[in-house]
There are 2 protein chains.
Amino acid sequence: MFTGYQDSVMSPREKVIATALWLFTRKGYFNTSMRDITRESAVSTGSIYHYFKDKEGVATALFEALLERMQTELDTIMQLHESAHDQCRAVISLLFDITQSEPDVMAFMLYVKHREFLPNERPVCSSKPFETMRAMVARGMARGEIEQRDVQAASACLFGGAIRMITSELDGILEKPLHDYYEEVWSCSWRAVAAI
Amino acid sequence: MFTGYQDSVMSPREKVIATALWLFTRKGYFNTSMRDITRESAVSTGSIYHYFKDKEGVATALFEALLERMQTELDTIMQLHESAHDQCRAVISLLFDITQSEPDVMAFMLYVKHREFLPNERPVCSSKPFETMRAMVARGMARGEIEQRDVQAASACLFGGAIRMITSELDGILEKPLHDYYEEVWSCSWRAVAAI
DNA sequence: CACTTTAGAACGAACGCTCGTTCTAGTCAA
DNA sequence: TTGACTAGAACGAGCGTTCGTTCTAAAGTG
């Protein structure tokens, strides 16, 4: 039973979105009914349809909120670190952090098959945050930190290992806490693309 | 409209499974109705329920068929190649091949969120084929080809880049054919984990 | 051979239920 | 009083599944 997000300071709209995140990641979009959302959020059917066009509208709002939040964090990282090396390292650290402290957020971003219920959204990996990550890699190449290569391929190799570890963690098949693998994964990933 | 698998030599059971693969990857499990499967496979509702317990039973049979097929191919690779290096290289080549020639197969294996409609199946990455891939990595460490590391982390880094490229291809965001990235991805991936 | 019996494959209309959504009535703040 | 918000009963479409029936072909029998 979901209780964590029924904070009285939250607006009905926020309550619905937080509940949707909880339910969608736990049971999946199609196994979650509007009645489930009504019950767990303590917001009535009528109110939900006052704030959102339909069920898909709830999912879209949730998706956009998470993308925007992620983009904000990436922007901060870009300001804080100068080298592409440090930027990319910080990104993986961020992703690991979120996976541990808010697994639902990570699961919804990486793991949920959005196209099945959001036919109008572009796939996650062509969203702004993923583009930003590729831009970091491209900048690393321009600065001579990363070997000249196809940006798409280099990005896949640099972040692919970490993302794989994250989905393993979300599947619950890791023995140790995710952060215990951080240095190991980072050193592998960087070695994969580093110049010379 | 789906016509490719209505081969008259196929048994009704095979027709249903082939149609399910086609529809599930194209529209998703929950957006595919039993009527859709009936129509596209030209097998009647009654017959489908004669061969399969229920809709989930169709999905389970499909999933098991694909896992078994993948395992057979991995076994062949293990016999053909001696070094872990050659084995892993061949695995990535195989995955790229399947992605290009039978994208549905790859999409269903890697991309579809099985747990949403197969609550009794373990996640893909703890299935036998994925275990076999980790065993290859472990063997590479024992032989001194791959640096001593946590096997889980090394496997993620070695195959993560390729898998990321495959999902990019399935999302249709690659400019060139997937195979054009093969050597680049492999050299990055191997560098990530190779001994010294 | 011819006829009957039988097992189970194939069929698809019909059922019951759950879902997303709508609608009307009511509440509350300004 | 008005307009934004809340409430939850009611609706109709569409779903997975069932079930009574028909079809097919092999086995049994004389």
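Proteins get letters first, then strands, A, B, ... in listed order; numbering begins at 1 in each.
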>> Expressed as a whole number of angstroms, how long is the span from A:His50:NE2 to C:dG26:C1'?
In response: 15 Å
> When you check the phosphate oxygens OP1 and OP2 of C:dC11, does a side-chain N or O of B:Tyr49 lie under 4.0 Å from one of them?
Replying inline: no
> B:Ser44 side chain N/O closer than 4.0 Å to the phosphate oxygens (OP1, OP2) of C:dC11?
Replying inline: yes
> Between B:Tyr181 and B:Lys176, is there a cation-pi geometry (under 6.0 Å to ring centre, at most 45° from the normal)?
Replying inline: yes
> Going by the angle between their ring planes, with limits at 30° and 60°, are B:His114 and B:Phe108 parallel, tilted or perpendicular?
Replying inline: perpendicular
> Rounded to the Å, how far apart are A:Arg13 CZ and D:dA4 P?
Replying inline: 17 Å
> To the nearest angstrom, how far is B:Ile48 atom CD1 from D:dC19 atom C1'?
Replying inline: 16 Å
>> Nearest to the side chain of A:Tyr51, heavy atoms from C-beta on, is which of D:dT6, D:dT17, C:dG20?
In response: D:dT6
>> Can you identify which nucleotide, out of D:dC15, C:dA10, C:dG20, has its nearest atom closest to the A:Ser33 side chain?
In response: C:dG20
> Quick one: does NZ or CZ of A:Lys55 land under 6.0 Å from the six-membered ring centre of A:Tyr29, within 45 degrees of the ring axis?
Replying inline: yes
>> Distance check needed: C:dA10 P versus B:Phe52 CZ, whole Å only.
In response: 11 Å
>> Pair A:Asp86, A:Arg89 - check salt bridge (charged side-chain N to carboxylate O under 4.0 Å, His left out), show working.
In response: CA-CA 5 Å; A:Asp86 292 354; A:Arg89 194 179 142 87; over 6 Å; no
>> Just the rounded figure in Å: distance from C1' of D:dG8 to CD1 of A:Ile37.
In response: 16 Å
> In whole angstrom, what separates A:Asp36's CG from C:dT21's C1'?
Replying inline: 16 Å
> Whole-Å distance between D:dG14 P and A:Phe30 CZ?
Replying inline: 15 Å
>> Using whole Å, what does the distance between atom C1' of nucleotide C:dC11 and atom CE of B:Met34 come to?
In response: 14 Å
> Closest nucleotide of DNA chain C for A:Lys55 versus for B:Thr45: which of these residues is on the 5' side?
Replying inline: B:Thr45
> Distance check: side-chain N/O of B:Ser47 vs OP1/OP2 of C:dC11, anything under 4.0 Å?
Replying inline: yes
> Charged N to carboxylate O below 4.0 Å: is that the case for A:Glu40 and A:Arg26?
Replying inline: no
> Has the side chain of B:Arg35 got a donor or acceptor that lies under 3.5 Å from a partner of the other kind on the base of D:dG14?
Replying inline: no
